[in-house]
Undergrad: 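A single structure is presented below for examination.
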Amino acid sequence: MNRYKILFSKLKKKKKIAFIPFLILGDPNIYISIKLIDFFISKGINALELGIPFSDPLADGEIIQKSILRAFNSNITLKKCFKIISIIRKKYNNIPIGILTYSNLVFYKGINNFYKNCKLSGIDSVLIADLPLEESKLFIKSSNIYNIKQVFICPLNSNNNLIKQISLKSKGYVYLSSRSGVTGTDFKNKKPDINIINKLIKYNSSPIIQGFGIFKPSQIINAIKMKISGIISGSAVIKIIEQNQKNLFLMFEKLNKFIKIMKKATYYN
């Protein structure tokens with residue numbers, strides 16, 4: 001089942017783009033992490049992007065780094081991450097589930113073994129934040145064996161050849177970075193280069209999903225204008241979790257408000 005293809009086809013008919021939250025598995029603890037995923041799905045999010053905690057998250061800013069530390073303090077492991085995703089997949093068969101990880105964790109017990117566990121857990125896509133396209137051959141080979149979509153980031157400084165290669169090799173979707181640097185909501189975002197977007201479309205890339213620093217409806221409206229198919233919001237979501245982790249009622253109330261505001265902006269004419 002190509003869940004991404006089904007999702008984007010449905011959204012196109014509804015004249016919407018995808019709203020995808022990013023969560024770190026195990027934050028603030030394993031029990032609440034599962035409850036948060038259940039909550040987001042109940043509120044109609046379109047897909048999930050789940051972070052596997054890693055000790056040296058080079059692409060992540062302070063908010064997500066703290067989230068990872070909380071997950072480690074709750075004794076999260078790679079094995080437990082796969083278990084959580086298995087639990088979610090058994091409850092929700094249709095929602096696309098992507099993971100974001102780092103190459104060390106994929107290498108840990110062997111590339112094939114990692115993708116095999118992804119398949120067994122019901123994962124649809126894998127984005128490896130520190131994997132250059134030039135070094136991706138073995139990863140793509142394993143992803144193809146286990147029918148996992150290998151996703152690549154398209155950075156702002158991509159040249160024509162890189163854009164062409166990403167269009168060819170990034171499956172499920174293309175992750176379009178909003179800016180250089182790390183994740184977070186405390187930086188000024190540049191609008192993605194419309195020329196990059198047009199080239200991705202020209203080369204028939206998978207649907208374009210914009211990430212890094214997405215935290216307000218106006219960014220979604222701009223994404224729609226540039227023919228982007230969805231947005232991923234991580235730091236804004238995780239900041240609410242961090243600030244309200246001792247008051248679950250308030251946490252879910254504020255997350256619900258954020259989801260409503262962001263989802264409302266995903267409709268276009």
Side-chain angles (χ1 to χ4, degrees), residues 3-4 7 18-55 57 60-101 105 117-127 183-185 209 211 214-215 230-266:
R3 294 184 180 92
Y4 285 111
L7 170 66
F19 172 63
I20 305 170
F22 173 78
L23 298 162
I24 294 293
L25 290 166
D27 175 31
N29 60 53
I30 292 171
Y31 173 76
I32 297 175
S33 181
I34 294 172
K35 291 298 179 186
L36 281 165
I37 295 169
D38 284 332
F39 177 78
F40 272 96
I41 293 173
S42 75
K43 297 303 174 183
I45 56 96
N46 302 117
L48 286 167
E49 191 74 8
L50 303 173
I52 307 292
F54 179 58
S55 57
D60 294 311
E62 184 180 1
I63 293 169
I64 294 178
Q65 287 178 25
K66 287 180 179 178
S67 175
I68 290 167
L69 290 176
R70 290 193 297 274
F72 281 139
N73 287 334
S74 73
N75 297 315
I76 196 70
T77 63
L78 181 58
K79 186 177 180 179
K80 288 177 182 177
C81 286
F82 284 128
K83 179 64 177 176
I84 292 170
I85 296 168
S86 294
I87 291 168
I88 297 302
R89 175 54 75 208
K90 285 176 184 176
K91 289 192 281 186
Y92 310 103
N93 184 54
N94 296 323
I95 192 163
I97 300 176
I99 60 170
L100 186 147
T101 189
L105 291 177
N117 282 320
C118 288
K119 180 69 174 178
L120 292 173
S121 302
I123 290 165
D124 295 285
S125 67
V126 173
L127 193 165
T183 60
T185 61
I209 304 296
I214 305 297
F215 64 99
I231 61 95
I232 293 175
S233 182
S235 294
V237 168
I238 292 170
K239 193 171 185 178
I240 294 171
I241 295 168
E242 177 187 348
Q243 292 175 340
N244 300 280
Q245 56 187 302
K246 293 182 180 179
N247 187 336
L248 295 184
F249 178 82
L250 193 58
M251 178 196 291
F252 286 108
E253 186 177 61
K254 289 190 175 183
L255 285 171
N256 186 42
K257 184 178 179 181
F258 178 74
I259 294 166
K260 281 184 177 179
I261 291 169
M262 297 297 272
K263 277 190 65 186
K264 188 176 180 181
T266 61

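Since this is a predicted model, take the numbers as computed values, not measurements.
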Undergrad: Rounded to the nearest 0.5 Å, how far does CZ of R89 lie from CG of D124?
TA: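 So the gap between those two atoms works out to 5.0 Å.
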Undergrad: In sequence, state the C-alpha distance, the side-chain angles, and the governing distance for V237 and F258, and then conclude on side-chain contact (heavy atoms from CB on, under 4.5 Å).
TA: CA-CA 8 Å; V237 168; F258 178 74; 3.7 Å; yes
Undergrad: Evaluate side-chain contact (heavy atoms from CB on, under 4.5 Å) for K263 paired with K43, printing each intermediate quantity in order.
TA: CA-CA 10 Å; K263 277 190 65 186; K43 297 303 174 183; 5.8 Å; no
Undergrad: Do you know which two heavy atoms are closest between G122 and R3, and how far apart they sit?
TA: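 Smallest heavy-atom distance, with atoms named: O-NH1, 4.2 Å.
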Undergrad: Please say which of I37, I95, I20 ends up in a side chain to side chain contact (heavy atoms under 4.5 Å, CB included) with I45.
TA: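 It is I95; the other options fail the test.
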Undergrad: Just so I know, are the side chains of C81 and I76 near enough to count as touching, which here means a heavy-atom distance under 4.5 Å?
TA: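 Yes, close enough: below the 4.5 Å cut-off.
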Undergrad: Might you point out which heavy atoms bring Y92 and I41 nearest each other, and give the distance in Å?
TA: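 It is CD1-CD1, 3.4 Å.
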Undergrad: Could you give the distance from CD1 (I123) to CD1 (I85), rounded to the nearest 0.5 Å?
TA: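 It is 3.5 Å, given to the nearest 0.5 Å.
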Undergrad: Does any part of the side chain of I259, heavy atoms only, come nearer than 4.5 Å to the side chain of F40, both counted from C-beta?
TA: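 Yes. Closest side-chain heavy atoms under 4.5 Å.
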Undergrad: Check L23, L127, I97 against E49 for a side chain to side chain contact (heavy atoms under 4.5 Å, CB included) and give me the one that passes.
TA: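 The side chain to side chain contact (heavy atoms under 4.5 Å, CB included) with E49 is passed solely by L127 among L23, L127, I97.
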Undergrad: Restricting to non-hydrogen atoms, name the atom on N46 and the atom on A18 that form the minimum distance, rounded to 0.1 Å.
TA: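 Scanning both residues completely, I find the closest heavy atoms to be OD1-CA, 3.4 Å.
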Undergrad: Which distance, rounded to the nearest 0.5 Å, do you find between the CG of N73 and the CD1 of I68?
TA: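 It is 12.0 Å, given to the nearest 0.5 Å.
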Undergrad: Heavy atoms, side chains only, cut-off 4.5 Å: are T101 and L78 in contact?
TA: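 Sidechains of L78 and T101: no contact.
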Undergrad: Can you tell me how far apart CG (L50) and CD1 (I99) are? Round to the nearest 0.5 Å.
TA: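 Separation between the atoms: 8.5 Å.
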Undergrad: Look up atom CD1 in I30 and atom OG in S74, then write down how far apart they are to the nearest 0.5 Å.
TA: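 Taking CD1 in I30 and OG in S74, the distance rounds to 5.0 Å.
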Undergrad: Hey, does Q245 have a side-chain heavy atom less than 4.5 Å from the side chain of R70?
TA: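 Yes, close enough: below the 4.5 Å cut-off.
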Undergrad: Ignoring hydrogens, what is the shortest heavy-atom contact between I63 and S235? Give both atom names and the distance.
TA: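 Distance-wise, the nearest heavy atoms are CG2-O, 3.6 Å.
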Undergrad: Taking the side chain as every heavy atom from C-beta outward, state whether S67 and I241 have any atom pair closer than 4.5 Å.
TA: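 No, every pair of side-chain atoms sits at 4.5 Å or beyond.
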Undergrad: Is it true that K66 and E62 make a salt bridge, defined as a side-chain N closer than 4.0 Å to a carboxylate O?
TA: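 Salt bridge: yes.
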Undergrad: What is the minimum heavy-atom distance between A71 and P53, and which atoms define it?
TA: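 In this case the closest contact between A71 and P53 is CB-CG, 3.8 Å.
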Undergrad: Roughly how far, to the nearest 0.5 Å, is the CE atom of M251 from the NZ atom of K246?
TA: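 Answer for the NZ-CE pair, K246 versus M251, is 11.5 Å.
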Undergrad: Which atom names give the shortest non-hydrogen contact between I240 and N244, and what distance separates them?
TA: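 Scanning both residues, the minimum pair turns out to be O-ND2, 2.8 Å.
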Undergrad: Take atom NZ of K80 as the centre, draw a 6.0 Å sphere, and report whether it contains more than 12 heavy atoms from other residues, nucleotides or ligands.
TA: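 Enclosed: over 12 neighbouring heavy atoms sit under 6.0 Å from NZ of K80.
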Undergrad: I'd like to know if the side chain of S33 and the backbone of L25 have a donor-acceptor N/O pair within less than 3.5 Å.
TA: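 Between the backbone of L25 and the side chain of S33 there is no qualifying donor-acceptor contact (under 3.5 Å).
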Undergrad: Using a 6.0 Å cut-off, check whether atom NZ of K91 has over 12 heavy atoms from anything other than its own residue.
TA: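 Yes - once you tally the heavy atoms of other residues, nucleotides and ligands closer than 6.0 Å, there are more than 12.
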